[in-house]
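So that the names make sense, note that chain A is the first sequence line, chain B the second, and so on, each numbered from 1.
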There are 2 protein chains.
Amino acid sequence: MTDCSPTPISLAKLRLACGNCSLHELCLPVGIGLDDVDRLDRIVKRRRPSSRGDHVFRLGDEFRAVYAIRAGSVKTYTTTEGGGEQVTGFHLPGELIGLDAIHTGTHPSSAKVLETTSLCEIPFDHLEELSAVIPSLGRQLIRIMSREIHSDDELLTLLGKKSAEERLAALLISLSNRLQQRGFSAREFHLSMSRNDIGNYLGLAVETVSRLFTRFQQLGLVTANNKHIRIERLEDLRALATGSSSCQPRG
Amino acid sequence: MTDCSPTPISLAKLRLACGNCSLHELCLPVGIGLDDVDRLDRIVKRRRPSSRGDHVFRLGDEFRAVYAIRAGSVKTYTTTEGGGEQVTGFHLPGELIGLDAIHTGTHPSSAKVLETTSLCEIPFDHLEELSAVIPSLGRQLIRIMSREIHSDDELLTLLGKKSAEERLAALLISLSNRLQQRGFSAREFHLSMSRNDIGNYLGLAVETVSRLFTRFQQLGLVTANNKHIRIERLEDLRALATGSSSCQPRG
DNA sequence: CGGTCCCTTGATATTCATCAATATCAGTGG
DNA sequence: CCACTGATATTGATGAATATCAAGGGACCG
């Protein structure tokens with residue numbers, strides 16, 4: 001019941017897992033044929049849920065597979081010379097992690113599970129073979145990587161140009177958007193990462209993050225109960241995130 | 001002589017351009033066959049040199065091609081709501097730009113030439129077709145994009161965690177490494193970008209960049225004559241860049 | 001040679017990090 | 001169920017790093 005091999009469950013059921021997966025359109029090419037879905041299905045290993053603190057992979061690990069998140073959340077981070085950590089991303093269902101390892105064959109970052117999380121493991125050699133046979137699969141992979149590059153560039157702007165307030169607002173808006181896109185509430189959600197992780201990711205001290213949450217509450221922008229977040233004034237928060245607001249306590 | 005169409009020159013000569021290009025191993029899969037090089041050659045459009053200030057593409061432009069830099073340098077940047085600019089990268093010969101546009105079909109950033117620069121234009125639809133026929137080409141593209149994602153993540157660490165000194169040192173070291181890899185001097189080179197661009201890229205004010213150059217000179221780390229840079233103590237600069245030094249004026 | 005842009009330098013202001021103390025939370029075992 | 005423990009969060013006081021403001025000096029271009 002609790003062994004570590006890919007959960008076998010019912011083969012017939014699994015066989016259609018990708019086709020039925022709610023993340024379907026997030027990770028599959030739009031026009032992919034049914035038998036192609038089946039072929040993809042066969043190379044994907046569904047792993048039993050990981051729990052908070054587990055590593056999906058670690059810096060230095062040999063690159064064998066990319067991972068799709070089915071449920072839960074993951075943080076990726078690198079370790080700097082001094083032993084310091086830099087969080088490079090928070091990843092939600094439907095997202096692919098491990099893409100940065102392709103070019104060297106070794107993971108240049110680590111991935112840690114933030115809450116109970118289900119992952120699909122996609123062995124990369126199989127994915128490459130399959131991409132050669134199903135061109136739209138390769139194209140989709142390239143598209144996903146392109147999006148990744150673009151969103152990293154946006155993050156650069158965030159860290160390079162924005163104030164602490166704008167950064168936190170931007171993170172909350174990003175999470176809100178991504179959750180909504182996946183069918184969750186845009187206004188109310190659970191922050192699976194610690195304040196420390198948030199600060200690290202945004203390039204801020206923990207204390208600053210904490211003060212910001214307090215200030216946002218005073219301004220009536222959000223209600224934050226520990227990890228539970230409720231966005232009260234979504235548009236104002238969005239305005240703050242894009243820098244087009246001066247953050248007044250309601251005009 | 002100075003029309004805008006792809007320079008025709010000698011067809012026979014061009015036909016082998018990719019094979020002879022000094023950037024060969026940077027943009028071609030290692031094990032690619034001769035006739036495959038030929039096929040790639042045929043889809044690549046060599047454009048006549050662009051001059052400083054020219055745009056390769058602009059934010060909002062329809063995505064048609066990616067561009068390889070043969071000689072010269074390019075900066076990429078996005079424009080924020082407030083009209084502000086965020087420089088997202090400086091690109092040297094052998095690098096590919098425009099990859100962030102693939103997933104939407106519209107360029108989310110602009111690319112501006114920093115000095116007289118030769119570009120190869122690679123129409124993306126042709127590249128996709130060719131990748132379906134030459135699997136190693138598609139794989140190489142994916143590898144290049146993977147590297148891009150990884151280097152963006154490193155930049156995130158730079159902006160999130162490092163001091164002003166460390167940032168500038170890291171930029172100089174990065175340029176030095178990349179130039180050396182391309183056969184140029186690692187210790188002496190021309191900064192084609194303005195102080196403004198550097199500050200923008202590093203998330204610093206121009207004045208700070210200027211002061212840093214002064215300080216680096218006082219410390220004997222570099223000699224900077226306007227745009228001409230000479231690295232005097234490469235290892236010390238590298239140590240500073242990785243944060244493993246306290247920047248003493250020579251111990 | 002004049003104009004404009006870019007760079008440098010100095011003085012001051014601001015933001016955010018750091019230090020320190022307390023408070024809260026999530027487990028753990030009694 | 002409660003007390004205990006370590007991790008995590010909040011809050012306040014202080015300081016350092018860097019932005020901003022202001023002015024002068026070069027470099028490049030017509």
With the side chain defined as heavy atoms from C-beta on, A/S194 is closest, among D/dT8, C/dA17, C/dT8, to D/dT8
Compare the minimum distances between each of D/dA9, D/dT20, C/dC7 and the side chain of A/S210, then state the nucleotide with the smallest one.
D/dA9
Length of the CG-P vector between B/L204 and C/dT15, whole Å
18 Å
Mind running ring-ring contact (aromatic ring centres under 6.0 Å, His included) on A/F184 and A/F189 for me, showing each step along the way?
CA-CA 8 Å; A/F184 299 98; A/F189 48 88; 9.9 Å; no
Whole-Å distance between C/dT14 C1' and A/E166 CD?
15 Å
Please examine the side chains of A/E115 and A/V113, heavy atoms only from C-beta on, and report whether any two atoms are closer than 4.5 Å.
no
Within the pair B/T214 and C/dT9, is there a side-chain N or O less than 4.0 Å away from OP1 or OP2?
yes
Whole-Å distance between C/dC25 C1' and A/H190 NE2?
13 Å
With a 4.0 Å cut-off on heavy atoms, is A/A164 in touch with a base, just the backbone sugar-phosphate, or nothing at all?
sugar-phosphate
Within less than 4.0 Å of OP1 or OP2 of C/dT8, is there a side-chain N or O belonging to B/R211?
no
Is there a donor-acceptor pair closer than 3.5 Å between any side-chain N or O of B/R187 and the backbone N or O of B/E232?
yes
May I have the distance from A/K161 (atom NZ) to D/dT18 (atom P), rounded to whole angstrom?
15 Å
At under 4.0 Å between heavy atoms, what does A/K227 touch on the DNA or RNA strands: base, sugar-phosphate, or nothing?
sugar-phosphate
Could you tell me whether the side chain of A/E207 has a donor or acceptor atom within less than 3.5 Å of a complementary atom in the base of C/dC16?
no
Mind calculating the distance between CD (A/Q217) and C1' (D/dA9) to the nearest angstrom?
12 Å
For residues B/L96 and B/M145, determine if any side-chain heavy atom of one lies less than 4.5 Å from a side-chain heavy atom of the other.
no
Nearest-Å distance, CG (B/L159) to P (C/dC16)?
15 Å
What nucleic acid atoms does B/G199 come within less than 4.0 Å of, heavy atoms only: base, sugar-phosphate, or nothing?
nothing
Please give, in whole Å, the distance from C/dC6 P to B/N225 CG?
19 Å
B/N196 CG to C/dT8 P, straight-line distance once rounded to whole Å:
11 Å
Would you indicate whether the side-chain heavy atoms of A/F57 and A/S109 approach each other to under 4.5 Å?
yes
